[in-house]
Participant: 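One structure, as structure tokens, below. Some questions next.
A note on names: the letters A, B, ... follow the listed sequences, proteins ahead of strands, and every chain is numbered from 1.
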Amino acid sequence: MSPRKVLPAGFYARSPEVVARELLGKTLVRVLGGERLEGVVVETEAYHGGGDPASRAYHGRKEYNAAMWEEPGRLFVYNVHKYWMLNVVAHLPGGVGGVLFRAIEPTAGVEAMMRRRPVRDVRELTSGPGKLSIALGVTRELNGYPVTDSGAPVHILDAPPAAGCRTSHRIGVTRDLPEEIRFYADGNRFVSR
DNA sequence: AGGAAGATCTACT
DNA sequence: GTAGATCTTCCTA
């Protein structure tokens, strides 16, 4: 088997909904304390800039959300209701936006994830944005970190395009857009709902 | 200094 | 299915 390649910065330099859809099936890697935690991306959501009332960028650039304006292919991590949300910056040149990782299917380092987030049923481990951040040890410290180096604490490996992609409206947002820009793997048990 | 909002989760019934 | 807890950040005073 040939070594899996890290997705290059150009992958993220497209509109957020395209990146969100194409991230399904890719492998999210978290290197933490000498351990390697991996999962397949099974659920994402796209967020735009000023025109998107659900986006953290909607009310303008602040210290905490500045990453959304910066180069695609970096992490954007922010807090909501006690949990850290893991995003990757994604937008066209000069644009603003990101993709939220909502759920992954754990494929390596499951025991290490379980230590951080003990659950009876593996399906509860990473099937939600707050859940996966706990399991993967994601905190604000990772904000702004590039995901395009294989040595980075969080990076993403390429994989063949995922089959069976479905869409819906975004979850939990108070004011959504008319477009369906949540993407998830049809029938996958690790999707958040 | 205090209040409100928020892309959530858990533990009930 | 719904109520309540919990934390970070921003806004106003």
Side-chain angles (χ1 to χ4, degrees), chain A residues 12 15-24 26 28 30 39 41-70 72-91 95-106 113-145 147 154 156 165-185 188-193:
Chain A
Y12 306 97
S15 68
E17 66 268 24
V18 170
V19 176
R21 177 186 283 270
E22 293 196 15
L23 276 172
L24 292 184
K26 309 301 188 213
L28 181 67
R30 168 66 163 137
V41 179
V42 297
E43 181 181 350
T44 59
E45 281 175 358
Y47 288 85
H48 293 91
D52 181 355
S55 172
R56 291 276 116 170
Y58 186 62
H59 295 290
R61 179 171 175 149
K62 313 276 186 264
E63 179 86 41
Y64 85 99
N65 65 7
M68 291 188 81
W69 276 258
E70 290 164 10
R74 290 175 175 266
L75 292 177
F76 169 43
V77 180
Y78 91 97
N79 180 284
V80 61
H81 288 103
K82 171 180 153 172
Y83 301 96
W84 296 103
M85 303 290 108
L86 179 65
N87 300 252
V88 62
V89 177
H91 53 73
V96 182
V99 173
L100 169 69
F101 293 99
R102 285 197 56 91
I104 64 172
E105 175 174 350
M113 295 186 209
M114 283 283 211
R115 279 203 307 276
R116 294 190 164 73
R117 181 176 158 75
V119 286
R120 312 284 287 281
D121 185 342
V122 242
R123 277 181 293 183
E124 288 301 307
L125 191 53
T126 55
S127 56
K131 298 177 185 177
L132 74 84
S133 283
I134 294 169
L136 298 180
V138 170
T139 69
R140 151 171 74 188
E141 293 173 12
L142 292 172
N143 189 46
Y145 231 100
V147 296
V154 173
I156 303 167
C165 169
R166 300 207 60 196
T167 65
S168 81
H169 285 286
R170 293 176 293 187
I171 290 179
V173 301
T174 50
R175 297 159 70 201
D176 203 358
L177 291 170
E179 298 84 32
E180 296 190 337
I181 50 179
R182 168 179 175 247
F183 304 92
Y184 61 99
N188 188 286
R189 303 182 310 139
F190 293 87
V191 169
S192 66
R193 62 169 78 159

Participant: Across the strands shown, which category fits Val173(A) at heavy-atom distances under 4.0 angstrom: base, sugar-phosphate, nothing?
Facilitator: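 The answer is sugar-phosphate, as Val173(A) gets under 4.0 Å only of primed atoms, P, OP1 or OP2.
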
Participant: Among Thr44(A), Ile181(A), Asn87(A), whose side chain to side chain contact (heavy atoms under 4.5 Å, CB included) with Val99(A) holds?
Facilitator: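 Per the side chain to side chain contact (heavy atoms under 4.5 Å, CB included) rule, the option paired with Val99(A) is Thr44(A), out of Thr44(A), Ile181(A), Asn87(A).
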
Participant: Just one of Leu86(A), Val88(A), Thr126(A) clears the side chain to side chain contact (heavy atoms under 4.5 Å, CB included) bar with Leu28(A), so which one?
Facilitator: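 The single option meeting the side chain to side chain contact (heavy atoms under 4.5 Å, CB included) with Leu28(A) is Leu86(A).
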
Participant: Specify the residue among Ala54(A) and Arg117(A) whose closest nucleotide of DNA chain B lies further upstream toward the 5′ end.
Facilitator: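 The residue mapped nearer the 5' terminus is Ala54(A).
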
Participant: Hey, which of Arg166(A), Glu17(A), His169(A) is the one that makes side chain to side chain contact (heavy atoms under 4.5 Å, CB included) with Glu180(A)?
Facilitator: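 For Glu180(A), the side chain to side chain contact (heavy atoms under 4.5 Å, CB included) check succeeds only for His169(A).
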
Participant: Between Asp52(A) and Arg170(A) (salt bridge meaning N to carboxylate O under 4.0 Å), is one present in this structure?
Facilitator: yes

Participant: Ignoring backbone atoms, test whether Lys82(A) places a side-chain nitrogen or oxygen under 4.0 Å from the OP1 or OP2 oxygen of dT10(B).
Facilitator: no

Participant: Let me confirm one number: the NE2-OG distance from His48(A) to Ser15(A), rounded to the nearest 0.5 Å.
Facilitator: 6.0 Å

Participant: For Glu124(A) and for Ile171(A), locate the closest nucleotide of DNA chain B by heavy-atom distance; then report the residue assigned to the nucleotide nearer the 5' terminus.
Facilitator: Ile171(A)

Participant: Among the nucleotides dC11(C), dT6(C), dT9(C), which one has an atom lying closest to any side-chain atom of His81(A)?
Facilitator: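 Within the option list, the nearest is dT6(C).
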
Participant: State, yes or no, whether a side-chain contact exists between Ile134(A) and Tyr83(A) at a heavy-atom distance under 4.5 Å.
Facilitator: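 Side chain of Ile134(A) against side chain of Tyr83(A), heavy atoms only: contact under 4.5 Å found.
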
Participant: Taking only the side-chain nitrogens and oxygens of Arg120(A), find out if one of them lies under 4.0 Å from OP1 or OP2 of dT10(B).
Facilitator: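 Answer is no, no contact under 4.0 Å.
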
Participant: Can you tell me which stems DNA chain C forms, taking runs of 3 or more consecutive Watson-Crick or G-U pairs with both distances under 3.5 Å?
Facilitator: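 DNA chain C forms these stems: B:1-6 with C:7-12, B:8-12 with C:1-5.
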
Participant: Which nucleotide sits closest to the side chain of Lys62(A): dA7(B), dT8(C), dC10(C)?
Facilitator: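 It is dC10(C).
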
Participant: Does Arg175(A) make a side-chain N or O approach to OP1 or OP2 of dG6(B) shorter than 4.0 Å?
Facilitator: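 Checking Arg175(A) against dG6(B): no side-chain N or O falls below 4.0 Å of OP1 or OP2.
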
Participant: I need the CZ-C1' distance between Arg56(A) and dT8(B), as an integer number of Å.
Facilitator: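 For the pair Arg56(A) CZ and dT8(B) C1', the rounded distance is 12 Å.
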
Participant: How many whole angstroms separate atom CG of Leu100(A) from atom P of dA7(B)?
Facilitator: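 Rounded to whole Å, this separation is 11 Å.
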
Participant: Give Tyr83(A) one of three labels, base, sugar-phosphate or nothing, depending on what nucleic acid heavy atoms sit under 4.0 Å from its own.
Facilitator: base

Participant: Nearest 0.5 angstrom please: Phe76(A) CZ to Leu100(A) CG, how far?
Facilitator: 10.0 Å

Participant: Lys131(A) has an atom NZ; how far is it from atom P of dA7(B), in whole Å?
Facilitator: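 Lys131(A) atom NZ is separated from dA7(B) atom P by 18 Å.
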
Participant: Below 4.0 angstrom from OP1 or OP2 of dA7(B), is there any side-chain N or O of Thr174(A)?
Facilitator: yes

Participant: Quick one: label Arg102(A) by what it contacts on the DNA or RNA (base, sugar-phosphate, nothing), any heavy atom closer than 4.0 Å.
Facilitator: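 Sugar-phosphate contact only.
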
